[in-house]
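Below: the structure, in structure tokens.
Start at 1 and go down the list; that is how both ligands and their atoms are numbered.
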Amino acid sequence: MKEVFVLGGGGFIGRNVVEHLIDRKDCNVTAGDIRKGSNWDEIMNKSPSRFNAVVDDFTNFRAFEKLGKRFDEVYMLAAVVGVNRTLKNPDSVISTNTKLTLNTLDWIAKNPIRRLLFSSSSENYAATSDLFGAKIPTNEDVPLCVGDVCHPRWTYAITKMHGESSFIHSAKKLGYEWRIVRYQNIIGPEMGFGHAIPHIVERFINKLEFPIKIYGHDQTRAFCYIDDAVKGTVGAMESTNHPNNIYHIGNTQEISMEVLTKFIGEHLVYKGRYETAITYPGSVSRRCPDIQKACSNFDYNPQVHWKDAVSKTVDWYKRFFESGLKPNTGGFEPPENVMTSKC
Ligand SMILES: NC(=O)c1ccc[n+]([C@@H]2O[C@H](COP(=O)([O-])OP(=O)(O)OC[C@H]3O[C@@H](n4cnc5c(N)ncnc54)[C@H](O)[C@@H]3O)[C@@H](O)[C@H]2O)c1
């Protein structure tokens with residue numbers, strides 16, 4: 001049996017990757033995370049002999065020492081994520097994300113592996129179209145850029161570029177194959193609270209404003225359902241004919257924030273008015289990945305239409321907010337409340 005380690009296996013993408021791998025029955029899976037994944041108990045009941053978990057802070061090397069076995073494949077998905085968290089705590093984004101990368105490499109140096117996949121982000125190329133006219137949909141050849149090093153928003157992208165470079169350039173010396181996946185707007189139930197769709201649902205259900213504001217109404221994004229992202233992630237890792245590659249993983253159905261907000265409003269049977277509003281600082285005007293490379297190298301083929309993806313996601317958050325629960329972190333805050341000052 002192949003041994004797989006998913007660091008960040010308690011998070012949104014990680015816990016879905018873990019479940020997918022366990023359901024396939026051809027590998028043992030260890031999940032590592034600072035918090036327990038919401039599906040871990042269920043997975044443990046289903047497959048006690050094939051699932052193992054370490055709950056600890058992996059910025060501390062001692063957490064890696066608890067793993068205690070050799071792994072064939074490592075999915076490095078752990079990170080501090082979310083625009084508002086990045087705007088408020090840019091120093092902790094830099095410190096946590098770079099420590100997670102460097103600790104993973106130090107651990108691999110002592111415990112050799114066959115393949116590593118690092119989760120990077122479309123943030124790495126997000127500003128290239130606004131600043132340099134890069135083509136949209138954007139493919140993997142685009143030069144990466146930091147919109148403004150003095151703006152806290154870009155600390156997250158800097159850690160993702162650091163991660164890409166670190167894992168690519170340590171591979172030869174440490175003897176593993178690498179894959180980088182740059183996700184773009186992956187959505188689904190329980191995806192966290194610090195994202196556009198949970199915020200929109202929160203504003204509708206909790207009646208936080210009237211009329212409903214459409215932040216950045218003409219900005220566009222392309223939303224990809226979690227099941228498709230999991231297939232893209234595992235497909236990239238297991239694409240043995242094309243080792244050492246970068247892949248853009250997402251969906252190419254580009255829609256505006258106005259279309260998204262009004263679709264959610266209709267889904268929630270909102271009959272009121274809308275008004276346009278200025279969005280979060282540093283937010284780029286268009287974003288859509290070119291996924292051709294993944295499609296041709298390992299038959300990546302996202303199946304879920306954005307309307308189905310958004311509906312399934314909205315239904316989960318509707319139930320959450322209607323039950324009166326409140327997000328622990330990442331709930332909606334208007335752009336004007338979020339720290340925008342530069343260094
Ligand atoms: N979801 C997306 O659309 C998207 C887009 C671009 C990039 N990504 C990247 O994909 C990866 C997974 O994203 P996600 O949406 O599942 O986010 P997530 O926040 O749900 O998952 C990240 C996980 O990392 C864990 N983590 C953070 N600090 C840790 C630490 N010190 N020790 C151990 N675990 C720690 C968190 O607890 C969390 O469970 C991240 O690296 C993220 O940057 C995601």
Starting from [atom], find the nearest protein heavy-atom neighbour and note its residue, name and distance.
{"atom": "atom 4 (C) of ligand 1", "result": "Y183 CB, 3.8 Å"}
{"atom": "atom 21 (O) of ligand 1", "result": "G11 CA, 3.5 Å"}
{"atom": "atom 43 (O) of ligand 1", "result": "Y156 OH, 2.5 Å"}
{"atom": "atom 1 (N) of ligand 1", "result": "I13 CD1, 3.7 Å"}
{"atom": "atom 39 (O) of ligand 1", "result": "D33 OD2, 2.7 Å"}
{"atom": "atom 27 (C) of ligand 1", "result": "A79 O, 3.4 Å"}
{"atom": "atom 11 (C) of ligand 1", "result": "L77 O, 3.2 Å"}
{"atom": "atom 19 (O) of ligand 1", "result": "V81 CG2, 3.4 Å"}

Would you tell me whether [X] and [Y] have side-chain atoms, one donor and one acceptor, within less than 3.5 Å of each other?
{"X": "S283", "Y": "Q219", "value": "yes"}
{"X": "E333", "Y": "N84", "value": "no"}
{"X": "N244", "Y": "E177", "value": "no"}

Considering distance alone, does some N or O of [X] sit under 3.5 Å from an N or O of ligand 1?
{"X": "K160", "result": "yes"}
{"X": "F58", "result": "yes"}
{"X": "F12", "result": "yes"}
{"X": "L100", "result": "no"}
{"X": "S119", "result": "yes"}

I'd like to know whether ligand 1 has [X] as a neighbour, heavy-atom separation below 4.0 Å.
{"X": "A63", "result": "no"}
{"X": "N97", "result": "no"}
{"X": "M76", "result": "no"}
{"X": "G10", "result": "yes"}

Using a strict cut-off of 4.0 Å, indicate which atoms of ligand 1 neighbour a heavy atom of [X].
{"X": "T59", "value": "31 (N)"}
{"X": "A78", "value": "24 (O), 34 (N), 35 (C)"}
{"X": "D56", "value": "32 (N), 33 (C)"}
{"X": "N185", "value": "3 (O)"}

I'd like a table of donor-acceptor pairs (distance under 3.5 Å, sequence neighbours excluded) in which one partner is a side-chain atom from residues 259-266, with atom names and distances.
from: T261; atom 1: OG1; to: M257; atom 2: O; distance (Å): 2.6
from: K262; atom 1: NZ; to: E258; atom 2: OE2; distance (Å): 2.8

When you check the gap from the basic side-chain N to the acidic O, do [X] and [Y] get nearer than 4.0 Å?
{"X": "E140", "Y": "R182", "answer": "no"}
{"X": "R286", "Y": "E254", "answer": "yes"}
{"X": "K160", "Y": "E123", "answer": "no"}

>> Just to verify, which of K2, R115, R114 counts as forming a salt bridge (Lys or Arg N to Asp or Glu O under 4.0 Å) with D72?
In response: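 Exactly one option meets the salt bridge (Lys or Arg N to Asp or Glu O under 4.0 Å) with D72, and it is R114.
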>> I'd like the name of whichever of V6, D57, I226 reaches closest to atom 31 (N) of ligand 1 through any heavy atom.
In response: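 The option holding the nearest heavy atom is D57.
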> Of the options R287, H195, R221, which is the one that meets N185 in a side chain to side chain donor-acceptor pair (under 3.5 Å)?
Replying inline: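 Exactly one candidate clears the test, R287.
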>> If hydrophobic clusters are built by linking Ile, Leu, Val, Met, Phe, Trp and Tyr wherever their side-chain heavy atoms come under 4.5 Å apart, do V314 and V304 end up in the same one?
In response: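 Yes; V304 is reachable from V314 via cluster members.
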>> Tell me whether M191 shares a hydrophobic cluster with I255, the cluster being built from Ile, Leu, Val, Met, Phe, Trp, Tyr side chains joined at under 4.5 Å.
In response: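 Same cluster: M191 reaches I255 through Ile, Leu, Val, Met, Phe, Trp or Tyr contacts under 4.5 Å.
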> Between V149 and I158, does a side-chain contact (heavy atoms from CB on, under 4.5 Å) hold up when you go through it step by step?
Replying inline: CA-CA 9 Å; V149 77; I158 287 169; 4.1 Å; yes
> Out of F58, F5, F61, which one pairs with W107 under the ring pair (Phe, Tyr, Trp, His ring centres under 6.0 Å) rule?
Replying inline: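 Looking at F58, F5, F61, the match for W107 under the ring pair (Phe, Tyr, Trp, His ring centres under 6.0 Å) is F5.
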